There are 2 protein chains.
Amino acid sequence: MTKTEKKTSRAEQKARRPQEILEAAFEEFTVKGYTATRVEDVAARLGVTKGTVYLYFPTKDVLFEEMFRHMSTPFADLLASVDTLGGSAADRLRALLLLAYDKIADDRKTRELLRLSLSEGTRFPDIVDRHHEEFIAPLIAAIGSLVEKGVASGEFREGAVAKFPDVVASSILHIAVWRLMFADRRPIDGPAFIDAHLDLALNGLLQRS
Amino acid sequence: MTKTEKKTSRAEQKARRPQEILEAAFEEFTVKGYTATRVEDVAARLGVTKGTVYLYFPTKDVLFEEMFRHMSTPFADLLASVDTLGGSAADRLRALLLLAYDKIADDRKTRELLRLSLSEGTRFPDIVDRHHEEFIAPLIAAIGSLVEKGVASGEFREGAVAKFPDVVASSILHIAVWRLMFADRRPIDGPAFIDAHLDLALNGLLQRS
DNA sequence: TATCACTGACTAACGGGTTAGTCAATTGCA
DNA sequence: TGCAATTGACTAACCCGTTAGTCAGTGATA
């Protein structure tokens, strides 16, 4: 493949290699897990051999860590975009959750990173902690500030949610975990589930007297 | 250890062995995952050698499957006990969720089985599906029927929750996943989290006008 | 433009270490 | 002593990480 490609120059190929390897590694690691994945299989996905992978990454450990970093796409911009939205606090909360849903539960990449965080987290605790800092904490903070604003404006009532803003996001996690567990064997309608949760979270279950 | 024990007769020891092995296997598999776990380490936990394990279980695969089955303690009785409870629908819902919390998020055994379902689920899909049938589906059904009764009695309003009863349980899953990810590095107050979620789910976020 | 010395990305094969599963020998209870 | 439980050495296969050697591609020279 590499040899017959006339279009890509040697320099271009070399520049491309690291990303190619990291993406192939993602596929293998997510399907088989860290230990069961063979570096040789990662290489085979690109039509190269194990030795090539070791030219770019010193060990299997580092390959995994850099793969995780490379596949973690930041969504600070996503959270920022919510601030520009107008409408009621409820509307903005809904918009934020749907955006988070797209990024977390509906995106295979992020979902599989969640699986790896749980399955290999004890082996790579600093990866999990970094993931918390960069992804989980900002999302919870965004939800928290949105709820706070809603309370300040009088649209939302005060309640225990202020202490645990993440209860609002648990439905997203729920969908992601469900899909990781059952794949296509038990499909789940994500947006409908989110809306059911929003209906519950906004209006509550109790009859309004 | 086994050798020096004078109390247990040979027959007793032999009868005990399978359970002992399955419990040792649980410890090893949950810490290291399926592939990284060595059968020899499972045996070493009991002070015996690999050969003994193979005397009771034909392969590592079967050992894993039977371990999973052995560690899955049913909670049909738990769900049944809720039916005997009196009080308002809200009270009973709270009781059910706290019971489910104890069994799922607060119990290390169940929590680690969730981790294994996610990490090794693609390798053992029928284990995951059986787990759904025996644990997840009954729990969702119990919540659903409780909500339904609340609606019938007029205590609960009708809403999208009827279609997705599991949105009510997502906070439990949330706590379990959180603890699997961060262990003791980021403690989470389970009951307080549940109550925050219940406050949200019962009363809603919107100011009552 | 044609030639050719040189570079460096890649390969192939291997060393060293590990592990699932087997089975003949051993141990110690009844 | 007889027998069942257990051992642990063994095999066959596996896989990480290494390295000497290859050859396609590059660029300087005439």
Side-chain angles (χ1 to χ4, degrees), chain A residues 1-29 31-68 120 123-124, chain B residues 1-29 31-68 120 123-124:
Chain A
M1 175 177 291
T2 302
K3 294 171 187 174
T4 56
E5 283 277 355
K6 295 296 176 193
K7 285 288 173 56
T8 50
S9 75
R10 239 176 158 199
E12 282 168 343
Q13 184 61 279
K14 179 176 184 177
R16 234 189 285 277
R17 272 282 180 258
Q19 287 84 16
E20 287 180 344
I21 293 171
L22 291 175
E23 271 146 38
F26 170 78
E27 298 297 333
E28 290 293 319
F29 280 132
V31 171
K32 311 202 188 185
Y34 176 78
T35 310
T37 291
R38 302 184 308 148
V39 176
E40 184 126 30
D41 290 340
V42 173
R45 269 184 187 264
L46 307 174
V48 298
T49 58
K50 198 171 37 161
T52 304
V53 174
Y54 279 100
L55 283 176
Y56 295 89
F57 302 97
T59 64
K60 193 183 173 186
D61 274 43
V62 170
L63 176 61
F64 183 87
E65 286 173 7
E66 300 217 356
M67 176 280 290
F68 202 102
E120 316 294 349
R123 199 189 299 270
F124 301 98
Chain B
M1 176 176 291
T2 302
K3 293 171 188 173
T4 55
E5 283 275 358
K6 296 294 175 192
K7 287 287 172 59
T8 51
S9 75
R10 243 177 156 203
E12 283 167 343
Q13 184 61 277
K14 182 177 183 178
R16 234 191 284 278
R17 273 278 182 259
Q19 286 84 15
E20 286 180 347
I21 293 172
L22 292 175
E23 270 146 41
F26 170 79
E27 297 299 332
E28 290 294 318
F29 280 132
V31 172
K32 311 202 187 184
Y34 176 78
T35 311
T37 290
R38 301 184 311 146
V39 176
E40 184 122 30
D41 290 341
V42 173
R45 269 185 185 264
L46 306 175
V48 298
T49 59
K50 196 168 42 158
T52 303
V53 174
Y54 279 100
L55 218 54
Y56 294 89
F57 302 97
T59 64
K60 191 183 173 187
D61 274 45
V62 170
L63 176 62
F64 182 87
E65 286 173 7
E66 300 218 356
M67 174 278 289
F68 201 102
E120 316 294 348
R123 200 189 300 268
F124 302 98

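This one's a predicted model, so the numbers in the text were calculated from it and none came from an experiment. Chain identifiers are assigned alphabetically (A, B, ...) following the order of the sequence lines, protein sequences preceding nucleic acid strands; residue numbering begins at 1 within each chain.
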Report all interatomic pairs (protein N or O, nucleotide N or O of nucleotides 13-15 of chain D) with separations under 3.5 Å.
residue : atom : partner : partner atom : Å
D/dC15  : OP2  : A/Arg38 : NH1          : 2.7

Measure the distance from [atom1] on [X] to [atom2] on [N] and round it to the nearest whole Å.
{"X": "A/Leu46", "N": "C/dA9", "atom1": "CG", "atom2": "C1'", "answer": "14 Å"}
{"X": "B/Tyr34", "N": "C/dT19", "atom1": "OH", "atom2": "C1'", "answer": "12 Å"}
{"X": "A/Asp61", "N": "D/dG17", "atom1": "CG", "atom2": "C1'", "answer": "12 Å"}
{"X": "B/Glu40", "N": "D/dA9", "atom1": "CD", "atom2": "P", "answer": "10 Å"}
{"X": "A/Asp41", "N": "D/dC16", "atom1": "CG", "atom2": "C1'", "answer": "13 Å"}
{"X": "A/Arg16", "N": "C/dA9", "atom1": "CZ", "atom2": "P", "answer": "15 Å"}
{"X": "A/Tyr56", "N": "D/dG17", "atom1": "OH", "atom2": "P", "answer": "18 Å"}

Exercise. Where the side chain of B/Lys60 meets the backbone of B/Thr37, is there a donor-acceptor pair that is under 3.5 Å apart?
Worked result: yes
For nucleotides 2-4 of chain D, give me every protein contact, N/O to N/O, under 3.5 Å, one pair per line with atom names.
residue : atom : partner : partner atom : Å
D/dA4   : N3   : B/Arg10 : NH2          : 3.1

Problem set entry | Any A/Tyr54 side-chain N or O less than 4.0 Å from OP1/OP2 of C/dT11 |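 No, no such contact exists.
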Exercise. Is there a side-chain polar atom (N or O) of B/Thr52 under 4.0 Å from OP1 or OP2 of D/dA5?
Worked result: no
Problem set entry | Pairwise side-chain contact, A/Tyr34 with A/Asp61, heavy-atom cut-off 4.5 Å (strictly under) |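 They are in contact (side-chain heavy atoms under 4.5 Å apart), so the answer is yes.
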Exercise. Can you find a pair of side-chain heavy atoms, one from A/Thr35 and one from A/Arg123, that are under 4.5 Å apart?
Worked result: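 In contact.
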Problem set entry | B/Phe124 and B/Phe68 aromatic centres sub-6.0 Å | no
Seminar exercise, completed: Ranking C/dG21, C/dT11, D/dT7 by distance to the side chain of A/Val48, first place goes to C/dT11
Problem set entry | Distance (rounded to the nearest 0.5 Å) between A/Tyr56 OH and A/Glu66 CD |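 If we round to the nearest 0.5 Å, A/Tyr56:OH and A/Glu66:CD are 13.5 Å apart.
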Exercise. Could you state the interatomic distance from CZ (B/Arg45) to CD (B/Glu23), rounded to the nearest 0.5 Å?
Worked result: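 Spacing of CZ (B/Arg45) from CD (B/Glu23) equals 11.5 Å.
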For this session: Determine the contact category for B/Phe57: base if any of its heavy atoms lies under 4.0 Å from a base atom, sugar-phosphate if only primed atoms, P, OP1 or OP2 are that close, otherwise nothing.
Result: nothing
Exercise. By salt bridge (charged side-chain N to carboxylate O under 4.0 Å, His left out), which residues pair with A/Lys14, not counting sequence neighbours?
Worked result: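 Salt bridge (charged side-chain N to carboxylate O under 4.0 Å, His left out) check on A/Lys14 returns nothing, list empty.
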Exercise. How do B/Leu55 and A/Gly51 order along DNA chain D: which one's closest nucleotide is nearer the 5' end?
Worked result: B/Leu55
For this session: From the options B/Phe26, B/Phe57, B/Phe29, select the one residue that forms a ring-ring contact (aromatic ring centres under 6.0 Å, His included) with B/Phe64.
Result: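 Considering B/Phe26, B/Phe57, B/Phe29, a ring-ring contact (aromatic ring centres under 6.0 Å, His included) with B/Phe64 is found only for B/Phe29.
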Problem set entry | Between A/Arg17 and A/Thr52: side-chain donor-acceptor atoms closer than 3.5 Å |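 Their side chains do not contain a donor-acceptor pair, so the 3.5 Å distance test is not met.
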